[in-house]
Amino acid sequence: MTKPAAGSLAGMLTMTKPSAGSLASRSTWVSTTSVSSSGKRIQREMVELNLDPPPGCCAGPKGDNLYNWVATIIGPPGTPYQGGIYFLDITFPCDYPFQPPKVVFKTRIYHCNVDSAGNVSLEILKDSWSPALTITKVLQALQSIFTKPDPYNPLVPGIAHLYLQDEAKHAELAAEWTLRFAK
């Protein structure tokens, strides 16, 4: 039997034997070639977000699941949400970016566009979604509801009604909830 030439593919296959340690380490990391196109897109957006995050926001994967993230938004100054720390779960669908991520507030918030389960009414997460949008744009849109609620597309009509009828009372209640649940 002839011995394969060193450097040939057959030679490398027969001459190198992986150790048990190298096999174990290979199973714990994910090659970029095995990541789906949606996963690659999410990875790219994560890098971009980490390089230039919107002020008062941060987000990233929960553990090693690239499709489940946690985000934090700090309530902006000059709003009833000022200084509150709001945690959100972001779940990317398998066909991201062709479908929007699902966003849920985990911190309770008094807001007409966020219901008691934390679901968010935000146009870019529904009919206005486009694959050109990124998670950074989603975070910026989420920040915008703190300063510009949309009482005409509410998830909680009672809060929207109060906002339209008595903005000062709405601000007072929102600030109370901020102190109670977000600090």
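- The side-chain contact (heavy atoms from CB on, under 4.5 Å) test with P101 singles out one residue from L125, N68, T91, and that residue is L125.
- Without hydrogens or angle criteria, Y67 side chain to G39 main chain gives a donor-acceptor distance under 3.5 Å.
- The aromatic ring centres of Y81 and F146 sit less than 6.0 Å apart.
- Across every non-hydrogen atom of I124 and L133, the tightest pair is CB-CD1, 4.0 Å.
- Of the charged side-chain nitrogens involved, none lies within less than 4.0 Å of a carboxylate oxygen, so that E176 and R180 do not count as a salt-bridged pair.
- Between V114 and I145, the closest side-chain pair of non-hydrogen atoms falls below 4.5 Å.
- Ring geometry, H170 versus Y110: the interplanar angle falls from 30° to 60°, so the pair is classed tilted.
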### Query
Should T178 and Y86 be marked as a side-chain contact (heavy atoms from CB on, under 4.5 Å) after you check the CA-CA gap, both sets of side-chain angles, and the distance that decides it?
CA-CA 9 Å; T178 298; Y86 296 90; 2.9 Å; yes
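- Contact of the S38 side chain with the F92 side chain is not registered, since no non-hydrogen atoms from C-beta on lie closer than 4.5 Å.
- Here the side chains of E167 and L162 are not in contact, with every heavy-atom distance at 4.5 Å or above.
- Within the 3.5 Å criterion, the main-chain N or O of P76 finds no donor-acceptor partner in the side chain of Q82.
- The side-chain heavy atoms of K62 and W69, taken from C-beta on, include no pair separated by under 4.5 Å.
- Nearest heavy-atom pair across N113 and P154 is ND2-CA, 3.9 Å.
- For the pair N50 (side chain) and M46 (backbone), a donor-acceptor distance under 3.5 Å is present.
- The NE2 atom of H111 sits 13.5 Å away from atom CG of L173, with the distance rounded to the nearest 0.5 Å.
- Separating the CG atom in N153 from the CD atom in E123 is a distance of 5.5 Å, to the nearest 0.5 Å.
- Listed for the S121 side chain is no donor-acceptor partner under 3.5 Å among the backbone atoms of L155.
- Between T134 and K137, some side-chain heavy-atom pair lies under the 4.5 Å cut-off.
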#### Entry: side-chain contact (heavy atoms from CB on, under 4.5 Å) between L66 and Q43, intermediate numbers included
CA-CA 8 Å; L66 197 55; Q43 285 177 328; 3.5 Å; yes
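- Taking 4.0 Å as the cut-off between side-chain N and carboxylate O, K102 and D89 do not count as a salt-bridged pair.
- Here T136 contributes atom OG1 and D52 contributes atom CG; the two are 7.5 Å apart, rounded to the nearest 0.5 Å.
- No continuous path of ILVMFWY side-chain contacts below 4.5 Å connects I109 to I159, so the two sit in separate hydrophobic clusters.
- The shortest distance between side-chain heavy atoms of I85 and K183 does not fall below 4.5 Å.
- Looking only at side-chain heavy atoms (C-beta outward), T72 and C57 stay at 4.5 Å or farther from each other.
- Of all non-hydrogen atoms in P80 and A171, the two that sit nearest each other are CB-O, 3.4 Å.
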### Message
Pair S36, Y96 - check side chain to side chain donor-acceptor pair (under 3.5 Å), show working.
### Response
CA-CA 10 Å; S36 67; Y96 181 81; over 6 Å; no
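- Pairing each heavy atom of Q143 with each of I73, the nearest pair is CG-CG2, 3.9 Å.
- Taken from CD1 in I42 to CG in L49, the straight-line distance is 12.5 Å, to the nearest 0.5 Å.
- Taking 4.5 Å as the limit, some side-chain heavy atom of C112 sits within range of a side-chain heavy atom of P149.
- Rounding to the nearest 0.5 Å gives a distance of 11.5 Å between CG of D127 and CG of L122.
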### Message
Does Y152 form a side-chain contact (heavy atoms from CB on, under 4.5 Å) with L164? I'd like the steps, not just the answer.
### Response
CA-CA 9 Å; Y152 300 104; L164 292 169; 3.5 Å; yes
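- Hydrophobic clustering (ILVMFWY, side-chain heavy atoms < 4.5 Å, transitive): L142 and I74 are in distinct clusters.
- Across P97 and W129, no two heavy atoms sit closer than the pair O-NE1, 2.7 Å.
- The backbone N or O of F98 sits nowhere less than 3.5 Å from a side-chain atom of D95 that would complete a donor-acceptor pair.
- Here the closest heavy-atom approach between residue A117 and residue V104 is recorded as O-CG1, 3.5 Å.
- Residue N65 qualifies as enclosed at atom CG: its count of foreign heavy atoms under 6.0 Å is above 12.
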